[in-house]
Amino acid sequence: MKQLGGCTFGIKSVKHMNVLLLGSGGRESALAWKMAQSPLLDQLFIAPGNPGMEAYGTCVGVDWKDRDALSHFCTAENIDLVVIGPEDPLVAGLADFFEENAALSHIHVIGPKAAAAQLEGSKDFSKQFMERNGIPTAAHKTFTADQLEEAKNYLTTIDAPYVLKADGLAAGKGVLILDNLADALREMDAMLGGKFGPASSKVVVEEFLDGIEFSVFVLTDGQDYMLMPEAKDYKRIGEGDTGLNTGGMGAVSPVPFVDAAVKKEVLLNIIEPTIKGLKFEKMEYVGFIFFGLILTKKGVKVIEYNCRMGDPETEVVIPRVDEDLLPLFVDAAKKKLLTRPMAQSAHAACTVMQVSGGYPEEYAKGFPIDGLDRDVESTVVFQAGTSVKEGDIVTSGGRVLCATGMAPNAAQALERAYQRLDQITFEGAYRRNDIGVDLGLRG
Ligand code: AMP
Ligand code: GLY
């Protein structure tokens, strides 16, 4: 719907909104797809977006790092709401920039300010936050470069596997799990010596947690929160969860082992104390919190917080959200959110990523993608690493696209996602064919 000005919507008079979404991946594709369905949307701009997102809005070449250009764009296009997809702009203080700039401070921003984004931006900060607030997580110790000898001595006192984490953002590569002491000592040297640049100027050593991982998400205004559907991601490149870690190769929602008892435990022991902690510590937080969790024999523990939605988790969570996100975003930004679950579809959603051959290591780009126009019932393709070359949509990233299937049950949803991906080809395309197998969703 394209309409300017106010309209009567139910009993409230609600203004149509111009929205700017920042990001270009599958996560932002799913958010754009959802927001484009809102009757409250006037114009959706996506910076930088990708060719698939042109179906939902207008992709613009505004770089969030160029604050003048961003500011000028928001003013010129009368932007009402900015949704920040990835973590880098949040940790770099983009939400603060909007609030501190008089010409932009009226704009609603979804995404926490830098201080609260430290929950993702610094592992040490998030561990301390969890410890202060009694939130179950792996025991840890943090070391700085001038504590190298102490760090190595500490490693000799604990058992394998050794979990070493760069404190700062390291593009998903900063966590090492090592089976023997010699490797752990060598990696400690390398990390504190600058292997990940400033991100590993501190290294967190964590107790190894054994269990099965899943994620829950909330939208919060820092006081109240809306629980969203949970998801399980498949992080490794190889089938049977083998090989290198990736950004995520597929996801399913709901997660069969996340039953009512697990959900209750997560709410009481993890989500509630996190929100209370934010409030108590006066950390202003407007946006999504991604709780990376692990179900262990000793209950559910937090592996990490992210200050944004997950990718590819968003591609299954958002299709299951059964209400309009735009009014919720406005309520969150006005700190008027009500604590309640977000309305969710009883249908399942499953997504499978199609990646460039070689990913997550070196891979070639620029291969034409065939079959994007071939539809399969109740599926949607979210593009991620794509661009346009000579009029064709071509590969331009590691994770190229994913297909999400929706169905009354997860097995059918997966079947649909795979059927859709079967139609889409490009040179070197790779996918995992075992998404959901561990959950009994696929033979
Ligand atoms: P993170 O970036 O902290 O989420 O870590 C990336 C991945 O490493 C997680 O998704 C887990 O698979 C694994 N991991 C992180 N911390 C631990 C831990 N303490 N015990 C076992 N596995 C972990
Ligand atoms: N899929 C994991 C993440 O978004 O961090």
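Start at 1 and go down the list; that is how both ligands and their atoms are numbered. Only a predicted model underlies this, so the values are computations on that prediction, with no experimental measurement involved. Side-chain atoms are counted along with the backbone in the values below, which use heavy atoms only and exclude waters and symmetry mates.
For F217 and F288, the ring centers sit 6.0 Å or farther from each other.
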Can you list every pair where an N/O of ligand 1 is under 3.5 Å from an N/O on the protein?
residue: ligand 1; atom: 2 (O); partner: K123; partner atom: NZ; Å: 3.1
residue: ligand 1; atom: 2 (O); partner: E304; partner atom: OE1; Å: 3.3
residue: ligand 1; atom: 3 (O); partner: K123; partner atom: NZ; Å: 2.9
residue: ligand 1; atom: 3 (O); partner: K165; partner atom: NZ; Å: 2.9
residue: ligand 1; atom: 4 (O); partner: E304; partner atom: OE1; Å: 3.1
residue: ligand 1; atom: 4 (O); partner: E304; partner atom: OE2; Å: 2.9
residue: ligand 1; atom: 10 (O); partner: E213; partner atom: OE1; Å: 2.7
residue: ligand 1; atom: 10 (O); partner: K235; partner atom: NZ; Å: 3.1
residue: ligand 1; atom: 12 (O); partner: E213; partner atom: OE1; Å: 3.4
residue: ligand 1; atom: 12 (O); partner: E213; partner atom: OE2; Å: 2.4
residue: ligand 1; atom: 16 (N); partner: K165; partner atom: NZ; Å: 2.9
residue: ligand 1; atom: 19 (N); partner: E206; partner atom: OE1; Å: 2.7
residue: ligand 1; atom: 19 (N); partner: E207; partner atom: O; Å: 2.9
residue: ligand 1; atom: 20 (N); partner: L209; partner atom: N; Å: 2.8

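Using a 4.5 Å heavy-atom cutoff, the side chains of F208 and V163 are in contact. Between L421 and L401 there is a side-chain heavy-atom pair separated by less than 4.5 Å. No side-chain heavy atom of K232 sits under 4.5 Å from any side-chain heavy atom of V316. No side-chain heavy atom of Y430 sits under 4.5 Å from any side-chain heavy atom of M353. Contact annotation: the side chain of V175 never approaches that of L164 to less than 4.5 Å [non-hydrogen atoms, C-beta and beyond].
Ligand-side atoms of ligand 2 in range of D233: 1 (N), 2 (C), range being under 4.0 angstrom from any heavy atom. Taking a cut-off of under 4.0 Å to the non-hydrogen atoms of E313, the atoms of ligand 2 that pass are 1 (N), 2 (C), 4 (O). Counting atoms of ligand 2 from 1 in the listed order, those under 4.0 Å from a heavy atom of G247 are 1 (N), 2 (C). Ligand-side atoms of ligand 2 in range of G310: 4 (O), range being under 4.0 angstrom from any heavy atom. The N306 neighbourhood of ligand 2 comprises atoms 5 (O), with distances under 4.0 Å to a heavy atom of that residue. Under a 4.0 Å criterion applied to the non-hydrogen atoms of F290, ligand 2 contributes the atoms 3 (C), 4 (O), 5 (O).
The shortest contact between atom 3 (C) of ligand 2 and any protein heavy atom is with R308 NH1, 3.5 Å.
Remark: ligand 2 and E304 share no N or O pair separated by less than 3.5 Å (distance only, no angle test).
Around the CG atom of L268, the shell of radius 6.0 Å holds more than 12 heavy atoms that belong to other residues, nucleotides or ligands. Counting heavy-atom neighbours within 6.0 Å of Y154 OH, excluding the residue itself, gives a total above 12.
Tested against R432, the residues D233, D241, D438 include a single salt bridge (charged side-chain N to carboxylate O under 4.0 Å, His left out) partner, D241.
A donor atom on one side chain and an acceptor atom on the other are not found under 3.5 Å apart for D124 and S122.
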